[in-house]
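Below is one structure; the comments refer to it alone.
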There are 2 protein chains.
Amino acid sequence: MSSAAAPRSTSEGDAPRRLTARGRDRKKALLDFATARFAENGFHPTSVSDIVDGVGVGKGVFYWYFPSKDELLLEILREALHDLRKTQKEAIRDAEDPLQRLERGIRASLEWSATHPEVLRLTMFCWTEETFAKELRKGRRINIADTATHVQAGIDAGMIAPGDATMLATAIRGVTDELARSYAVGQRSLDDEVLNLAVRMCLHGIVG
Amino acid sequence: MSSAAAPRSTSEGDAPRRLTARGRDRKKALLDFATARFAENGFHPTSVSDIVDGVGVGKGVFYWYFPSKDELLLEILREALHDLRKTQKEAIRDAEDPLQRLERGIRASLEWSATHPEVLRLTMFCWTEETFAKELRKGRRINIADTATHVQAGIDAGMIAPGDATMLATAIRGVTDELARSYAVGQRSLDDEVLNLAVRMCLHGIVG
DNA sequence: GTCCTTCTTGACTGTTCGGTCAAGTTTTCT
DNA sequence: AGAAAACTTGACCGAACAGTCAAGAAGGAC
C-alpha cells in the first residue's frame with residue numbers, strides 16, 4: 001500500500017487523464033476496432049483479448065485507457081449519440097419553417113445511420129442490458145424532445161393537425177429507426193427512395 | 001464406446017424426444033423462467049446455473065431438454081414468432097376489406113406486444129448476434145410479406161395510393177415496432193391512444 | 001415383479017474471461 | 001541531464017461458465 005502514486009484508471013470523481021498524441025491515437029484505434037468487432041460479433045462474444053490482439057498491443061494498454069470493458073462500450077455510445085445530435089442540429093440550422101426542420105431532421109437521421117451501421121447494431125444490443133439501456137434512454141428522450149419541439153411549433157403555426165406532440169414525435173422516430181435498422185441489418189439499401197418514403201410517411205401522415 | 005444407447009439430445013436429423021406429462025411441465029417451466037431472466041438480465045449475463053437454480057432442479061435437467069443454451073433461445077424465439085403470426089391471422093380473419101385487414105393487423109401486433117414485453121426485449125438482443133438474427137430475419141420477411149399482400153390488395157382496389165407495397169409494409173412495421181418497443185423499454189404505456197395513433201400514422205399516411 | 005425408458009442429480013472438467021501488477025520503456029517537462 | 005509522467009508488456013489470478021457423465025430414482029408397460 002505504501003507503493004508509488006498509482007494513477008489507477010479514471011478516478012471516482014473524474015480525472016480526464018492527460019493523453020499525449022500517441023495516447024490519443026492508441027485510444028482511438030482501440031475505440032474503432034472495438035466498435036467494429038462488437039457490431040459484427042456481439043459485445044459478449046468479443047473479449048478484451050480479441051481487441052488488444054486485433055490492435056496489436058498488450059492487454060495492459062486496454063486498461064490504461066479504459067477502466068473496464070463496460071465503460072468502453074458506454075464511451076462508444078455516448079460519443080455516437082452526441083455526434084448524431086450534432087449532425088441533426090447542423091442539418092436543421094437554415095430551415096425556414098417547422099415542417100422543413102422536421103424533414104431535414106428525418107433525412108439527417110437516416111443519412112447518419114447509413115454512414116454508421118455498426119453503431120446501429122450496437123445500439124440494438126444496448127437496449128437489452130440495463131447498464132447500457134440507461135444511456136440510450138437518455139439519448140432517445142432528448143431526440144424525441146427535440147423533434148416534439150418542431151412538431152409543436154408546426155401545430156401552433158397551423159401546419160400540423162393538433163395532437164400530442166410528443167407522441168407524434170415518437171411515431172416519427174419509429175419510422176426512421178425502423179428503416180435505418182432494416183438497413184443496418186442488411187435487408188435494404190438506404191437510397192433516395194427510402195428517404196422519400198420516410199418523409200412522406202411522417203409528414204403526410206401527420207400534416208392536417 | 002460399448003456403453004448404453006445414449007439418446008444424447010435431439011439428434012442431427014431430429015428425434016422430437018417423447019415427453020411424459022411431467023417432462024412437458026418441466027420443459028415449460030424452464031422455457032418460461034429462462035425467457036423472463038433473459039429479458040430482465042440479458043442473455044449472456046444469465047447462466048444456465050441461474051436458470052436451473054431458479055427452477056429448483058439439477059443442471060443435468062437442462063441438458064436433457066435442450067441441447068444447448070443457444071438452442072433454448074432459438075426455441076423461445078421460434079415459438080414467439082409463430083404465436084404472433086397466429087394471433088394476427090385470427091385478428092384479420094373476418095375483416096371486410098384490405099384497409100380493415102391492415103388496421104386489425106396493426107392493432108393485433110401492438111396488443112400482442114403489450115402482453116409479451118419480455119419477448120420484445122429478447123428480440124432486440126437477438127438482432128445483434130448472427131445465430132439468432134437469422135431467425136428474426138425470417139420472421140420479419142414473413143411479416144412484411146403478409147402486410148404487403150394487404151397493401152397491394154388495397155392499391156389494386158384503389159383504396160391506397162400506388163407505390164411499392166413492400167416498402168410501405170416496411171414502414172408500417174416501423175411504426176408498430178417502435179411504439180411496441182418504447183413500451184417494452186418502459187417509456188410509455190400501450191393504451192388506446194397509442195393504438196389509435198399507430199393506425200392513424202400508418203393508414204392516413206398511405207391512403208391516397 | 002421386472003424391464004425399459006424417461007427423468008434427475010451434482011460433482012467435475014476444460015476453458016475462457018475480465019482484470020491486475022511488477023517491471024520496464026518512451027516521452028515530456030524543467 | 002535528470003526527474004516525472006505517460007505508456008507498454010505479458011505472465012498471472014480467481015472466478016465463472018457451458019457442457020459432461022456415471023450413477024441412480026420414478027414411473028409406465030407387461
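Chain naming here is simple, since letters A, B, ... match the order of the sequence lines and numbering starts at 1 in each.
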Please enumerate all protein N or O atoms sitting under 3.5 Å from an N or O of nucleotides 14-17 of chain C, with distances to 0.1 Å.
none

Using a cut-off of 6.0 Å, state whether more than 12 heavy atoms not belonging to A:Glu79 lie near its atom CD. no
Going by an N to O cut-off under 4.0 Å, is there a salt bridge joining [X] and [Y]?
| X | Y | result |
| --- | --- | --- |
| B:Arg137 | B:Glu130 | yes |
| A:Arg107 | A:Glu103 | yes |
| B:Glu118 | B:Arg37 | no |

Phosphate OP1/OP2 of C:dC7: any B:Tyr63 side-chain N/O under 4.0 Å: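 False: B:Tyr63 side-chain N/O out of range (4.0 Å or more) of C:dC7 OP1/OP2.
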Side-chain N,O (A:Trp64) to OP1/OP2 (D:dC7) below 4.0 Å: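 Yes, within the criterion.
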Under 4.0 Å between any heavy atoms, over every strand shown, what does B:Gly60 touch: base, sugar-phosphate, or nothing? Just pick one. base
Nearest whole Å is fine: how far is [N] [atom2] from [X] [atom1]?
| X | N | atom1 | atom2 | answer |
| --- | --- | --- | --- | --- |
| B:Lys27 | C:dC7 | NZ | C1' | 14 Å |
| A:Phe62 | D:dG10 | CZ | C1' | 16 Å |
| B:Leu72 | D:dC17 | CG | P | 16 Å |
| A:Tyr65 | C:dG19 | OH | P | 18 Å |
| B:Phe66 | C:dC7 | CZ | C1' | 14 Å |
| B:Asp25 | D:dA26 | CG | P | 18 Å |

Among B:Arg101, B:Arg141, B:Arg85, which residue satisfies the side chain to side chain donor-acceptor pair (under 3.5 Å) criterion with B:Asp146?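 Passing option: B:Arg85.
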Whether the side chain of A:Lys69 engages the backbone of A:Thr46 through a donor-acceptor N/O pair (distance < 3.5 Å, no angle test) should be reported.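 Yes, because the side chain of A:Lys69 sits within donor-acceptor range (under 3.5 Å) of the backbone of A:Thr46.
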Look at the aromatic rings of [X] and [Y] and report parallel, tilted or perpendicular, splitting at 30° and 60°.
| X | Y | result |
| --- | --- | --- |
| A:Phe62 | A:Phe66 | tilted |
| A:Phe132 | A:Phe43 | perpendicular |
| B:His44 | B:Phe125 | perpendicular |

Taking only nitrogen or oxygen atoms into account, show me every contact under 3.5 Å that the protein makes with nucleotides 24-29 of chain C, one pair per line with its distance.
none

